[in-house]
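To start, the structure under review is shown below, and the notes come after it.
Count residues from 1 along the sequence.
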Amino acid sequence: MGNICARLKLKPAPQPSTKKRSSSRRERRLDDAAIREQAIAAAILFKQHQQQQQQQQQQFDRSASLRYPNGVSKKSNANALPRSSSSRARSLTDPLLQPHQLLNQGVNVDDLETNHVVLVHGGGFGAWCWYKSIALLEESGYKVTAIDLTGSGVSSFDANSITSLSQYVKPLTNFLEKLLEGEKVILVGHDFGGVCISYAMEMFPLKISKAVFIAAAMLTNGQSTLDIISQQAGSNDLMRQAQTFVYANGNDHPPTSFDLDKSLSRDLLFNQSPTKDIALACVSMRSVPFAPVLEKVSLSDLKYGSVRRFYIETLEDNAIPISLQENMINASTPEKVFRLKGADHSPFFSKPQALHKLLVEVSKIL
């Protein structure tokens, strides 16, 4: 402003008449009033923007990706099916759900034993992988919590420093421990998350209404994940080629973690998934701690066996082939088995609508 004023210092102008001076003052007052109104309007808009940002921040807890449904819009039909959150074009193998396909459509979500679903990711993944399932479940009226296990997702812990299954599962067991007395949840585990929810079922059987294993390791008492993996030794060359072991304690000690080659992950984990989801996974996946893979679990009929179990098979899975999934099912038969046709190892990406349908169906089984 100073420079502008300096440039306006020209020779003195002739003195205006009294009438012109009064008219000029009125114009200045009008200009000042208009400026004040604009300033007030800008301040109001800025305050509204700040409030919107605060509300958005409160609605999403990054540490555990705990989100709550916002309710159904007055304009929307309460019985309407949720919109797909997939970024790809709808295919015939993952159609929108039709009302006649929902076997228990007459059951109200609020009347269930629990409408709280807890999602537990697999090895290398994080809570981020469930973003489509979170949106679909919330739009259907469910309360959803997606856990980041130790050294995964937004956890700052180094996977190479994890020395036990209990340490790896700590975020999940901490969450369950804090549930109110009588409060129950539906646990959903994918991949190595199946071992994690099994561990939690043994610890907190009374807090778990149902457990859903999605292309997951479902062990028997005294087994380790390595025992399961060894069943397909030599038959899964792609998995062996994709694995790169990390020896943080030296080569004369067991591996501390392993990574999956990103160039091979597309065929191993995402062979039916949209390109955008594969890109998300490639920049988000982390090392898988190896100590929990070696640990044998202790599962009792009294505790673990008292929780209702369901299994969702993924038929186009290259990481845990359908033959291995069926071996685990035969060794420890769950209450019911569902099959996802056209699903790779990551059905939350490749078959989000179909997976959502099954999760809703399991929640409504009496």
### Query
Would you say the side-chain atoms of S209 pair up with the backbone N or O of K184, donor to acceptor, closer than 3.5 Å?
no

### Task
Verify the distance criterion only: is there a donor paired with an acceptor across the side chains of D227 and S230 at less than 3.5 Å?
no

### Message
Using a 3.5 Å distance criterion without hydrogens, assess whether the side chain of T114 forms a donor-acceptor pair with backbone atoms of H116.
### Response
yes

### Message
Can you tell me if R266 has over 12 outside heavy atoms packed within less than 6.0 Å of its CZ?
### Response
no

### Query
Is I322 reachable from L355 through a run of I, L, V, M, F, W or Y residues, each pair having side-chain heavy atoms under 4.5 Å apart?
no

#### Entry: Flag side-chain contact, heavy atom, 4.5 Å: E316 against S350
no

#### Entry: Euclidean distance, F348 CZ relative to K132 NZ, rounded to 0.5 Å
10.0 Å

### Task
Give me the one residue out of L137, I312, V120, I214 that meets side-chain contact (heavy atoms from CB on, under 4.5 Å) with V188.
I214

### Message
Is the shortest side-chain heavy-atom distance between T173 and V169 below 4.5 Å?
### Response
yes

### Message
If you define the side chain from C-beta out and look only at heavy atoms, does anything of M285 sit under 4.5 Å from F125?
### Response
yes

### Side chains of D148 and S155, donor plus acceptor under 3.5 Å
no

### Side chain proximity check, F349 to D344, heavy atoms < 4.5 angstrom
no

### Query
Looking only at atom types and distance, does a side-chain atom of T256 sit under 3.5 Å from a main-chain N or O of V246, one as donor and one as acceptor?
yes

### Task
Report the residues that fulfil salt bridge (Lys or Arg N to Asp or Glu O under 4.0 Å) with E183, sequence neighbours left out, ordered by chain and then residue number.
none

### Task
Identify the heavy atoms of G123 and V288 that sit nearest to each other, and give their distance.
C-CG2, 3.5 Å

### Query
Do F245 and I228 share a hydrophobic cluster (ILVMFWY, side-chain heavy atoms under 4.5 Å, transitive)?
yes

### Message
Rounded at 0.5 Å granularity, tell me how far CG in L165 sits from CG in L294.
### Response
11.0 Å

### Task
Over all heavy atoms of both residues, which pair between V109 and S140 is shortest? Give the atoms and the distance, please.
CG2-O, 3.5 Å

#### Entry: Side chain D191, main chain G193, donor-acceptor under 3.5 Å
no

### Message
Quick one, M218 with R309, criterion side chain to side chain contact (heavy atoms under 4.5 Å, CB included). Give me CA distance, side-chain angles, the key distance, then yes/no.
### Response
CA-CA 10 Å; M218 188 169 64; R309 286 180 296 121; 3.2 Å; yes

### Single-linkage hydrophobic cluster, 4.5 Å side-chain cutoff, L269 and L315 together
no

#### Entry: Contacts of H345 that satisfy ring-ring contact (aromatic ring centres under 6.0 Å, His included) - sequence neighbours left out
H190

### Rounded distance (nearest 0.5 Å) linking atom CD of Q223 with atom OG1 of T225
9.0 Å

### Task
Check each of L324, I320, V293 against I229 using the side-chain contact (heavy atoms from CB on, under 4.5 Å) test, and report the only one that passes.
V293

### Query
Going by atom types only, do S164 and E295 share a side-chain donor-acceptor pair under 3.5 Å?
no

#### Entry: Student check: side-chain heavy atoms of L359 and V117 closer than 4.5 Å
no

#### Entry: Heavy-atom side-chain contact between D277 and F270 under 4.5 Å
no

### Query
Hey, are the side chains of P292 and V195 touching, using non-hydrogen atoms and a 4.5 Å cut-off?
no

### Separation between CG of L268 and NZ of K262, rounded to the nearest 0.5 Å
14.5 Å

### Query
Going from NZ on K170 to OG1 on T150, what distance comes out if it is rounded to the nearest 0.5 angstrom?
9.0 Å

### Message
Checking the side chain of S306 only, and the main-chain atoms of K303 only, is there a donor and an acceptor separated by less than 3.5 Å?
### Response
yes

### Message
Any donor-acceptor pair under 3.5 Å linking the side-chain atoms of S257 with those of N160?
### Response
yes

### Query
Is there a chain of hydrophobic side chains (I, L, V, M, F, W, Y, each step under 4.5 Å between heavy atoms) that links I365 to L112?
yes

### Task
Return the set of residues passing side-chain contact (heavy atoms from CB on, under 4.5 Å) with A291 (not counting sequence neighbours), or none when no residue passes.
none

### Message
Are the side chains of Y304 and N221 in contact, using a 4.5 Å heavy-atom criterion?
### Response
no

### Query
For the rings on Y199 and Y168, is their centre-to-centre separation under 6.0 Å?
no

### Task
Return yes if some donor-acceptor pair links the side-chain N/O of N318 with the main-chain N/O of D267 below 3.5 Å, else return no.
yes

### Query
With a 3.5 Å cut-off and no angle check, do the side chains of T314 and Q325 form a donor-acceptor pair?
yes

## Note on the structure
Separation between CD (Q241) and CG (L260), nearest 0.5 Å, reads 12.5 Å

### Query
Within the side chain of H253, is there an N or O that forms a donor-acceptor pair under 3.5 Å with the backbone of Y247?
no

### Message
I'd like to know if the side chain of Y311 and the backbone of A216 have a donor-acceptor N/O pair within less than 3.5 Å.
### Response
yes

### Query
Would L179 end up clustered with L206 when hydrophobic side chains under 4.5 Å apart are linked, directly or stepwise?
no

### Query
CG of D301: more than 12 outside heavy atoms within 6.0 angstrom?
no

